[in-house]
Colleague: 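First, the structure itself, so that you have it in front of you.
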Amino acid sequence: MKRWLPLLLAAVLALGCAGCAKRQTVTVYRIAKEGAALMETETVTVPDGTEPVQAAIDALGAAPGDSMCFNPVRGWLTLGGYRIDDAGTLWLTVTGSDTASGIVRTQALACLVLTGTALDGVSAVGLEDTDGGVLHEPITADDLALTDPATDTQS
């Protein structure tokens, strides 16, 4: 019996570590405050029992932990529910505000699209209101073209 105990403990530890290695993460895009980059990324661990899409939505709705960037939707959109249609479009249900400037809206939309299309099975992101009306047609990451006005370069 004494011989089996260390082997049993090692097996339990190995199984526990294998479970940790399978933890899923999502990449969330945020607007950079300064520097050459237009956006910064943050890797967020998906909590057990949470869908990756919901984890990404929650991260986009929360304040970033890094002072080098800010949340793309705070002050402009309130993210509610979501659905993914058969075409792979992630439809985010949002409540909007007109307080954000044009470039901030453009950057915020790009952050939503890049965050959404990084998720498995999502090819485009669209915005709809709580009644199901389309606020923004679906857009893919390939549709994005952001230009840095300081350098006139596209990313």
Side-chain angles (χ1 to χ4, degrees), residues 15-151 153-155:
L15 287 174
C17 289
C20 293
K22 293 181 182 180
R23 297 267 335 215
Q24 189 171 9
T25 61
V26 294
T27 301
V28 176
Y29 287 78
R30 302 190 190 278
I31 300 171
K33 286 186 179 179
E34 55 190 44
L38 294 174
M39 294 178 206
E40 298 287 338
T41 60
E42 178 183 354
T43 301
V44 176
T45 301
V46 177
D48 289 337
T50 304
E51 291 291 322
V53 176
Q54 189 61 54
I57 290 170
D58 292 345
L60 286 168
D66 185 351
S67 63
M68 298 301 294
C69 56
F70 63 94
N71 188 303
V73 298
R74 289 177 70 113
W76 176 50
L77 293 175
T78 301
L79 299 174
Y82 69 90
R83 65 183 172 86
I84 300 175
D85 67 16
D86 292 339
T89 298
L90 170 62
W91 288 97
L92 297 171
T93 305
V94 299
T95 306
S97 165
D98 290 332
T99 59
S101 70
I103 188 63
V104 171
R105 282 183 186 210
T106 301
Q107 286 177 298
L109 182 60
C111 290
L112 290 172
V113 170
L114 292 172
T115 298
T117 57
L119 298 165
D120 289 339
V122 175
S123 58
V125 175
L127 304 180
E128 62 186 6
D129 63 21
T130 55
D131 295 333
V134 175
L135 297 174
H136 199 288
E137 292 293 328
I139 187 169
T140 68
D142 290 338
D143 295 331
L144 298 175
L146 297 177
T147 302
D148 183 350
T151 61
T153 57
Q154 261 188 349
S155 40

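We count residues from 1, following the sequence as given. The structure presented is a predicted model; accordingly, all values stated were derived computationally and were not measured.
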Colleague: Leu144 and Ile139: side-chain contact (heavy atoms from CB on, under 4.5 Å), yes or no, with the steps?
Modeller: CA-CA 8 Å; Leu144 298 175; Ile139 187 169; 3.9 Å; yes

Colleague: Give me the atom names and distance for the closest heavy-atom approach of Gly116 to Val125.
Modeller: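 It is CA-CG2, 3.9 Å.
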
Colleague: How many angstroms lie between atom CZ of Arg30 and atom OG1 of Thr41, to the nearest 0.5 angstrom?
Modeller: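 So the gap between those two atoms works out to 10.0 Å.
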
Colleague: CG/Leu135 to CH2/Trp91 distance, rounded to the nearest 0.5 angstrom?
Modeller: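 Interatomic distance, Leu135 CG to Trp91 CH2, rounded to 0.5 Å: 9.0 Å.
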
Colleague: So which atom in Val113 and which in Ala141 form the shortest heavy-atom distance, rounded to 0.1 Å?
Modeller: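 Heavy-atom minimum between the residues: CG1-N, 3.6 Å.
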
Colleague: Between side-chain atoms of residues 48-60 and protein atoms elsewhere (two or more places apart, or another chain), which donor-acceptor pairs fall under 3.5 Å?
Modeller:
{"residue": "Thr50", "atom": "OG1", "partner": "Pro47", "partner atom": "O", "Å": "3.4"}
{"residue": "Gln54", "atom": "NE2", "partner": "Asp58", "partner atom": "OD1", "Å": "2.8"}

Colleague: Could you state the interatomic distance from CG (Leu79) to OG1 (Thr95), rounded to the nearest 0.5 Å?
Modeller: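 One gets 9.0 Å once the value is rounded to the nearest 0.5 Å.
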
Colleague: Could you tell me the separation between the CD atom of Glu137 and the CG atom of Asp143, rounded to the nearest 0.5 Å?
Modeller: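 These two atoms lie 11.5 Å from each other.
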
Colleague: Within the side chain of Asp85, is there an N or O that forms a donor-acceptor pair under 3.5 Å with the backbone of Ala87?
Modeller: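 Such a contact is found between Asp85 side chain and Ala87 backbone.
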
Colleague: So, taking the atom named CG in Leu114 and the one named CG in Leu119, what distance separates them when rounded to the nearest 0.5 Å?
Modeller: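 Result: 11.5 Å between the selected atoms.
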
Colleague: Using a strict cut-off of less than 4.0 Å between a Lys/Arg side-chain nitrogen and an Asp/Glu carboxylate oxygen, indicate whether Arg83 and Glu128 qualify as a salt bridge.
Modeller: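 Yes, charged N to carboxylate O under 4.0 Å.
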
Colleague: I'd like to check Thr115 versus Thr27 (side-chain heavy atoms, cut-off strictly below 4.5 Å). Are they in contact?
Modeller: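 Answer no - side chains too far apart.
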
Colleague: Working to the nearest 0.5 Å, report the span between CG of Leu112 and NE2 of His136.
Modeller: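 It is 10.0 Å, given to the nearest 0.5 Å.
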
Colleague: Taking the side chain as everything from C-beta on, heavy atoms only, tell me whether Ile84 gets closer than 4.5 Å to Val122.
Modeller: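 Touching, per the 4.5 Å side-chain cut-off.
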
Colleague: Looking at side-chain heavy atoms only, is the closest gap between Leu90 and Tyr82 below 4.5 Å?
Modeller: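 Yes; the side chains approach each other to less than 4.5 Å.
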
Colleague: Over all heavy atoms of both residues, which pair between Cys111 and Tyr29 is shortest? Give the atoms and the distance, please.
Modeller: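 Taking every non-hydrogen atom into account, CB-O, 3.4 Å.
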
Colleague: Within the structure provided, determine whether Leu127 and Leu109 are in side-chain contact (heavy-atom separation under 4.5 Å).
Modeller: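 Leu127 reaches Leu109 side chain to side chain.
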
